[in-house]
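Accompanying notes for the structure given below.
None of these values were measured; they are calculated from a predicted model.
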Amino acid sequence: MSESSAWQGMQFGIMTVSDITEDPTTGHTPSEAERIRATIQIARHAEEVGLDVFALGEHHNSPFWSSSPTTTLAAIAGQTEKLVLSTSTTLITTNDPVKIAEDYAMLQHVSDGRTDLMLGRGNTGPVYPWFGKDIRQGLPLAIENYALLHKLWHEDVVDWEGQFRTPLQGFTSTPRPLDGVAPFVWHGSIRTPEIAEQAAYYGDGFFANNIFWPKEHYQRLIALYRQRYAHYGHGTPEQAIVGLGGQVFMRAKSQDAVAEFRPYFDNAPVYGHGPSLEDFTEMTPLTVGSPQQVIDRYASMRDYFGDYQRQLFLMDHAGLPLKTVLEQLDILGSEVVPVLRKDLQRNRPVEVPDAPTHRSRVTAAYGDGPAREARPRANRGDNLTGGSPYQDAPVAAGSAFGAAAVRQGA
């Protein structure tokens, strides 16, 4: 497995929402093809400058292009060696959990384990009817669909009956997770305590967007997640797995950064024509200035949220040209992240877990023993009359409808 040799207590990376936005300084709007090629180049460069993670959003409407994150991430996997490939986010509400289970297990295989995903409800209301769902059921859909996804990844044969999809009987999701260990799941939320509760219940990670709101808002969500993580017996509150978003723009001189970024901020579809750049940077983690200002701002995050495991930055949105984004990555990788790694490692309690990786999770599951290699038995294509269709999971006599299926890789 190819993973970074850097200290993995913290992972640093970038996330993109896949927007296609006019550059307000030139009037140029990239084509979809141009933006897709640029994003793949950005991901490759993220690895080249020493970042750990590239995360890609999911949208099904213009002006966004990323309707199939696994396709793009698989392409990036073939052009990188160390980069962890994630989503930001995968829509757990409108995607079929069966298809999520299959697609991301496949991505896990082709990336040699460099895959995890962040689940979320999304922020585009019309997407629900486009996929035959009711937005008024968004939260119940998120809860039920993940319960099924979790089951599909942790049980070879699944029987399922819920409110929002047709029942399953004797169903096996293929391929099985690589090495019998499912991709790590982050539950992403901007404002919903039920999602923090869901992450805690399963012992999964919780990712706070940390872009649009003051820190106090996210402090409450993360504190709830940590408390409930401990309540469900997964460890102490300090051992919960937390990720944060962020947003920066840097130049050697802070006044140059502000002058260059201001037209992009003022015209950005998300926050343009609202608060001033100065007000927004004061109220949120957006930091526009020198590399040292970014270091100081983000080194202080653990003072508010505790020691955490993943920091992602949004850097390619609002119409910023590719050349500028690559320059920003150069600064982030050479001047900011190395310092943040040292600062956030200093005085980090030994009981705080490192960022989860496929390698570490396989070791936790199997120790020094061999990991699972799923080898199918010959079968008719259904599992209604027996247990697991895999050779390493013996069928119990008299089992039916998967009731005696052996749990693998949980």
Side-chain angles (χ1 to χ4, degrees), residues 1-8 10-21 23 28 30-59 64-90 103-104 106-118 178 183 243 245-250 291 294 310-338 340-341 355 357-359:
M1 298 166 197
S2 300
E3 296 184 25
S4 174
S5 60
W7 172 66
Q8 288 292 302
M10 279 283 293
Q11 292 174 335
F12 293 90
I14 57 173
M15 57 183 181
T16 178
V17 295
S18 80
D19 64 306
I20 301 176
T21 304
D23 184 334
H28 174 69
S31 68
E32 290 177 333
E34 182 182 349
R35 186 74 168 94
I36 291 168
R37 288 194 299 267
T39 302
I40 294 173
Q41 185 175 347
I42 288 167
R44 291 199 308 265
H45 198 59
E47 178 172 277
E48 290 167 358
V49 302
L51 301 184
D52 307 305
V53 182
F54 176 81
L56 175 64
E58 178 184 350
H59 290 277
F64 305 96
W65 60 262
S66 180
S67 59
S68 179
T70 52
T71 305
T72 310
L73 293 175
I76 295 169
Q79 300 178 49
T80 56
E81 296 181 355
K82 300 178 181 179
L83 205 59
V84 176
L85 305 170
S86 185
T87 54
S88 61
T89 63
T90 297
D103 285 351
Y104 285 91
M106 179 65 74
L107 178 61
Q108 193 189 32
H109 279 269
V110 301
S111 67
D112 197 21
R114 296 184 287 127
T115 297
D116 58 37
L117 70 162
M118 185 194 306
L178 178 65
Q247 189 176 357
V248 300
F249 188 86
M250 300 165 287
V294 171
R310 177 173 286 185
Q311 176 67 63
L312 300 182
F313 296 100
L314 177 62
M315 306 192 75
D316 72 330
H317 69 123
L320 288 168
L322 175 60
K323 178 177 181 293
T324 301
V325 175
L326 297 179
E327 290 170 352
Q328 292 294 303
L329 291 181
D330 288 336
I331 300 170
L332 188 69
S334 64
E335 300 183 47
V336 174
V337 166
L340 285 176
R341 286 193 197 277
T357 64
H358 184 71
R359 177 186 296 171

- prompt: Tell me, do Thr39 and Phe54 make a side-chain contact under 4.5 Å, heavy atoms counted?
  reply: yes
message: Working to the nearest 0.5 angstrom, can you tell me the gap between Leu314 CG and Ser88 OG?
response: 8.5 Å
query: Could you state the interatomic distance from OG (Ser67) to CD (Glu58), rounded to the nearest 0.5 Å?
result: 8.0 Å
query: Has the side chain of Asp52 got a donor or acceptor atom that lies under 3.5 Å from a matching backbone atom of Phe12?
result: yes
query: Is atom CD of Glu32 surrounded by more than 12 heavy atoms (other residues, nucleotides or ligands) closer than 6.0 Å?
result: no
message: As an exercise, state the distance from CD of Gln79 to CZ of Arg44, rounded to the nearest 0.5 Å.
response: 5.0 Å
query: Ile331 versus Met315: any side-chain heavy-atom pair under 4.5 Å?
result: no
query: Under 3.5 Å, is there a donor-acceptor pair linking the side chains of Tyr104 and Thr90?
result: yes
message: If we ignore hydrogens and angles and just use 3.5 Å, is the side chain of Thr16 paired with the main-chain N or O of Ser18 as donor and acceptor?
response: yes
query: Listed by chain and number, what are the salt bridge (Lys or Arg N to Asp or Glu O under 4.0 Å) partners of Asp19, not counting sequence neighbours?
result: Arg35
query: Among all residues two or more places apart in sequence or in another chain, which pass the ring-ring contact (aromatic ring centres under 6.0 Å, His included) test with Phe249?
result: Phe261
message: Side chains of Gln11 and Thr357, heavy atoms from C-beta outward: is any pair under 4.5 Å?
response: yes
task: Kindly indicate, with the supporting measurements, whether the criterion side-chain contact (heavy atoms from CB on, under 4.5 Å) is fulfilled by Leu73 and Thr115.
output: CA-CA 9 Å; Leu73 293 175; Thr115 297; over 6 Å; no
query: Is a side-chain donor or acceptor of Arg310 paired with a backbone partner of Val53 at a separation under 3.5 angstrom?
result: no
task: With the side chain counted from C-beta on, respond yes when Val84 and Asp116 share a heavy-atom pair under 4.5 Å apart, and no when they do not.
output: yes
message: Please report the interatomic distance CG(Leu320) to CG(Asp23), rounded to the nearest 0.5 Å.
response: 7.5 Å
message: Once salt bridge (Lys or Arg N to Asp or Glu O under 4.0 Å) is applied, do any residues pair with Glu48, and if so which ones, sequence neighbours excluded?
response: none
message: Please check: side-chain N/O of Thr87 versus main-chain N/O of Met118, any donor-acceptor pairing under 3.5 Å?
response: yes
field: Note, Arg37 side chain near Glu34 side chain (heavy atom, < 4.5 Å)
entry: yes
- request: Classify the side-chain pair Asp330/His45 by whether it contains a donor and acceptor separated by less than 3.5 Å.
  value: yes
- request: Measure from the side-chain N and O atoms of Ser111 to the backbone N and O of Ala77, and report whether any donor-acceptor pair falls under 3.5 Å.
  value: no
- request: Test Leu83 against Leu85 for side-chain contact (heavy atoms from CB on, under 4.5 Å), laying out the working first.
  value: CA-CA 6 Å; Leu83 205 59; Leu85 305 170; 4.1 Å; yes
- prompt: Is there a side-chain contact (heavy atoms from CB on, under 4.5 Å) between Gln328 and Met250 once you walk through the steps?
  reply: CA-CA 7 Å; Gln328 292 294 303; Met250 300 165 287; 3.8 Å; yes
- prompt: Checking side-chain contact (heavy atoms from CB on, under 4.5 Å) for the pair Ile42/Leu326: CA distance, chi angles, key distance, verdict?
  reply: CA-CA 7 Å; Ile42 288 167; Leu326 297 179; 4.3 Å; yes
- prompt: Can you tell me if Gln311 uses its side chain to pair, donor with acceptor, with the backbone of Met10 under 3.5 Å?
  reply: no
- request: Indicate yes or no: at least one non-hydrogen side-chain atom of Trp65 is less than 4.5 angstrom from one of Thr72.
  value: yes
message: Once rounded to the nearest 0.5 Å, what's the spacing between atom CD of Gln41 and atom CD1 of Ile76?
response: 11.5 Å
